[in-house]
Amino acid sequence: MTEIPQSYDPAKAEREWSERWERDGIFRWDPTRSRAETFAVDTPPLTVSGSLHIGHAFSFTQADVIVRYQRMTGKNTFYPIGWDDNGLATERRVQNVFGIRPDPRKAYDPAWQPTRERPKDAPVEEVSRRNFVEACGLVTAEDERAFEDVWRRIGLSVDWTTQYATIDERCRRTSQLSFLDLERKGEAYQKFAPTVWDVDDRTAVAQAEIEDRELPGAYHDIRFSVDGEPPITISTTRPELLAACIAVVAHPRDERFRTYFGKTARTPLFHVRVPILPSEHADPEKGTGILMVCTFGDQADVEFWRGRELPLRQLIGLDGRMRPVRFGPSPFESAEPGEAQAAWAELEGKTVKQAQAKIVEQLRAADALVGEPRAIVHAVKFYERGSRPLEFVPTRQWFVRLLVHKQALLEQGRKVEWRPAYMRARYENWVEGLNQDWCISRQRYSGVPFPVWYPLDADGAPDHSRPIIAAPESLPVDPLSAAPPGYTEAQRDRPGGFSGDPDVMDTWATSSLTPQIASGWPLDMDRHAKLFPMDMRPQAHEIIRTWAFYTIVKAWLHEREIPWRNAAISGWILDPDRKKMSKSKGNVVTPMHLLEQYGSDAVRYWSASGRPGTDTAFDEGQMKVGRRLAIKMLNASKFVLGAAGDAPADLSLVTRPLDRAMLADLGGVVAECTAAFDAYDYARSLERTERFFWSFCDD
RNA sequence: GGGCGGAUAGCUCAGCGGUAGAGCGGCGCCUUUACACGGCGCGGGCCGGGGGUUCGAAUCCCUCUCCGCCCACCA
């Protein structure tokens with residue numbers, strides 16, 4: 001028995017307990033025990049690109065409380081800890097810290113070392129992808145140490161011997177093995193197609209990373225001439241895409257345009273002839289009831305273009321600027337090529353915004369603008385980390401099939417116990433709303449590479465239809481620094497040789513494998529069988545559509561399984577003004593000083609009093625209460641162990657009615673708390689226990 | 001536009017069919033061994049509005065209002 005201290009000194013107690021837990025190894029998972037005796041947790045790997053805030057302490061404590069309950073019931077707990085140091089967040093941070101940028105074409109330099117001491121005006125240094133990734137490792141290792149200090153201080157009962165990082169060798173191997181399996185099954189495929197593209201980061205992004213933002217815009221009414229009919233006026237918010245117009249559409253039952261269907265309209269300025277077609281997606285009530293379809297203004301344009309024999313007139317380049325375009329032969333065929341080319345010359349190279357201003361001038365001069373632009377506010381799609389609207393740009397990307405699995409994924413979601421149960425609706429909402437497969441390739445550097453090369457023909461052009469897939473035993477592999485089987489490094493990027501796939505995978509392609517990474521799939525299937533499906537996935541609600549969803553996808557595609565039986569969804573921490581706490585708002589509270597001020601027990605008490613899934617206001621008052629409770633417990637324990645330490649252990653010897661009533665009450669509390677914990681409702685358990693404890697002390 | 005949560009004391013929240021609860025804050029009282037890193041007590045609420053079910057509704061049903069979130073629309 002640990003001696004009861006005379007006074008409340010949280011820092012000392014926390015240190016001593018932490019050391020003792022470490023020494024005794026009580027958080028270690030015992031691989032010899034059966035699956036039935038095991039409680040496996042799919043711990044969230046925290047992004048180590050910044051600092052912890054109190055919300056992390058809040059949600060991790062809630063999970064820890066459940067894990068500790070399971071351990072107390074005798075379960076062999078598997079509670080790993082991981083770090084997410086893969087992806088754009090890390091990449092941006094490393095660029096800032098070391099002033100470096102990766103150049104995938106550069107060769108690895110083993111002697112190169114990053115430095116922080118560089119002049120402020122020094123140019124950005126370009127290094128090989130491998131050197132860059134090594135620099136990422138230096139930064140994230142420091143962050144991980146700082147995070148570990150907080151977790152140990154707060155008493156997180158994870159097994160520190162199980163640490164992994166999403167960019168480490170094991171995760172890269174698992175992630176690449178996952179890709180191999182999906183490619184072999186035909187679930188991963190590559191396609192050259194219009195893809196959601198971020199023009200600042202110059203990478204494709206997936207549906208899950210898109211968010212809407214309200215932005216000012218304007219309707220521009222533009223007059224198109226029509227052969228044998230009066231002109232029509234279309235309404236558009238993207239006049240700069242006029243040259244990309246491939247059709248004009250109205251609703252099939254819209255009487256105003258009945259005689260127009262099948263005829264040809266002619267765009268102003270560029271004099272390109274486009275068909276007038278009926279389409280259900282045109283809303284007679286909106287704008288002028290007739291609209292232009294461009295390649296590509298929005299998702300509806302992509303869908304209209306797809307499956308029809310219409311040309312591709314891509315105007316916007318990968319950098320978001322107007323590309324060079326020739327109004328020569330098809331697809332930019334113009335009835336007045338000279339005039340079209342002159343108009344385009346003024347737009348080429350401009351950003352979307354600049355081009356929009358310019359074309360309004362041009363339209364006005366050509367008397368093709370009807371009235372003035374009408375200002376509106378509309379929702380525009382952005383990459384969640386981006387600062388300019390997304391574009392659709394045709395590029396070659398790797399995808400994972402989702403749409404054909406929708407029904408199966410809904411059914412998998414129903415096999416998971418969502419806690420609280422209403423969180424399932426968010427998952428189902430998301431799955432039902434899926435409109436594209438999962439684009440898993442990113443044109444970035446820090447991440448898991450695709451274990452793929454492409455043969456080059458005699459002209460040095462890659463043949464994407466015959467990818468060379470790495471052998472499983474060679475993983476992890478970086479195709480930019482290793483040659484494929486049957487080739488030598490000298491043949492890299494040479495005609496008749498090979499070229500490595502330059503892309504990396506979406507960070508979620510790896511994060512979606514956290515249960516498999518921790519369980520050892522697919523290399524240690526005995527261990528995997530003892531841990532998978534796992535019991536609990538703790539996570540926050542805003543990443544149900546990403547992390548939870550993709551994890552369910554991978555478990556289904558690989559093994560036709562659910563990844564875990566329970567999804568324990570935590571809420572956010574709101575600042576006292578009820579705004580979400582986030583770094584960008586500058587209202588973040590960091591946990592360490594709270595731990596020092598109030599003690600871990602107090603911070604844990606506050607965390608555990610937040611109900612599952614519920615957003616909770618940051619409240620130091622609750623921490624004071626927690627601190628007081630801890631003190632009260634210490635003192636009550638001193639009293640009980642001192643004054644009543646020799647009480648009979650055999651309950652049948654307790655005969656006084658008062659004592660028996662107290663024990664009966666206690667029995668009820670234990671039963672209620674046990675039931676609450678089994679239902680993942682730690683907050684109820686805390687409330688019942690606390691209430692009983694105070695009445696016990698009072699009486 | 002669809003979905004999900006929430007509205008209970010000044011504040012943060014619990015209760016979810018049987019006489020309105022806790023903590024904080026406010027006010028008052030109490031220090032010679034469990035606890036001043038404390039303890040005890042007092043005030044304070046037409047349980048968002050309206051309707052219904054019931055012997056009985058904060059609790060169940062319908063409806064409205066407001067707050068938050070998720071998803072969709074984006075010509």
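Below, chain A is the first sequence line, B the second, and so on; all start at residue 1. Being a predicted model, the structure only gives us computed values, none of them experimental.
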From the set [options], return the single nucleotide nearest to any side-chain atom of [X].
X	options	answer
A/Asn429	B/rA72, B/rA34, B/rC70	B/rC70
A/Ala617	B/rG38, B/rU12, B/rG15	B/rU12
A/Arg426	B/rC37, B/rC69, B/rG39	B/rC69
A/Trp572	B/rC16, B/rC69, B/rG3	B/rC69
A/Ile631	B/rC37, B/rA34, B/rC69	B/rC37

Gap between atoms [atom1] and [atom2], on [X] and [N] respectively (whole Å):
X	N	atom1	atom2	result
A/Tyr8	B/rC37	OH	P	14 Å
A/Tyr682	B/rA14	OH	P	11 Å
A/Asp681	B/rA14	CG	C1'	11 Å
A/Phe618	B/rC11	CZ	C1'	15 Å
A/Glu384	B/rC70	CD	C1'	14 Å
A/Trp430	B/rC4	CH2	C1'	16 Å
A/Arg627	B/rA36	CZ	P	13 Å

| According to a strict under-4.0 Å criterion, is A/Arg611 in side-chain N/O contact with OP1 or OP2 of B/rC16? | no
| query | Does A/Arg545 have a side-chain nitrogen or oxygen under 4.0 Å from the phosphate oxygens OP1 or OP2 of B/rC71? | reply | yes
Under 4.0 Å, heavy atoms only, any strand: does [X] hit a base, just the sugar-phosphate, or nothing?
X	value
A/Tyr422	sugar-phosphate
A/Gln207	sugar-phosphate
A/Thr614	nothing
A/Cys294	nothing
A/Asp283	base

| Any donor-acceptor pair under 3.5 Å between the side chain of A/Asp212 and the base of B/rC73? | yes
Would you measure the distance from the [atom1] atom in [N] across to the matching atom in [M] and give it in whole Å?
N	M	atom1	value
B/rG18	B/rA57	C1'	10 Å
B/rC55	B/rG15	C1'	23 Å
B/rC61	B/rG28	P	46 Å

| query | Once you round to the nearest 0.5 Å, how far does CZ of A/Arg684 lie from CZ of A/Arg611? | reply | 6.0 Å
| request: First locate atom CD of A/Glu391, then atom OG1 of A/Thr195, and finally report the distance between them rounded to the nearest 0.5 Å. | output: 13.0 Å
Any donor-acceptor N or O pair under 3.5 Å, side chains [X], [Y]:
X	Y	result
A/Lys353	A/Gln356	no
A/Tyr69	A/Asp678	yes
A/Glu690	A/Tyr605	yes

| request: Before giving the answer on side chain to side chain donor-acceptor pair (under 3.5 Å), spell out for A/Glu14 and A/Ser600 the whole-Å C-alpha distance, their side-chain angles and the decisive distance to 0.1 Å. | output: CA-CA 7 Å; A/Glu14 284 153 18; A/Ser600 294; 3.1 Å; yes
Grab the N/O contacts between the protein and nucleotides 23-30 of chain B below 3.5 Å, and write none if there aren't any.
none

| task | Would you please indicate if the ring centroids of A/Phe58 and A/Trp606 are separated by under 6.0 Å? | result | yes
| Dot-bracket for RNA chain B, 5' to 3', with Watson-Crick and G-U pairs under 3.5 Å, [ ] for crossing pairs and | for other-strand pairs: what is it? | ((((((((.[[[[.)..(..]]]].(((((.......))))).....[[[[[..)....]]]]])))))))....
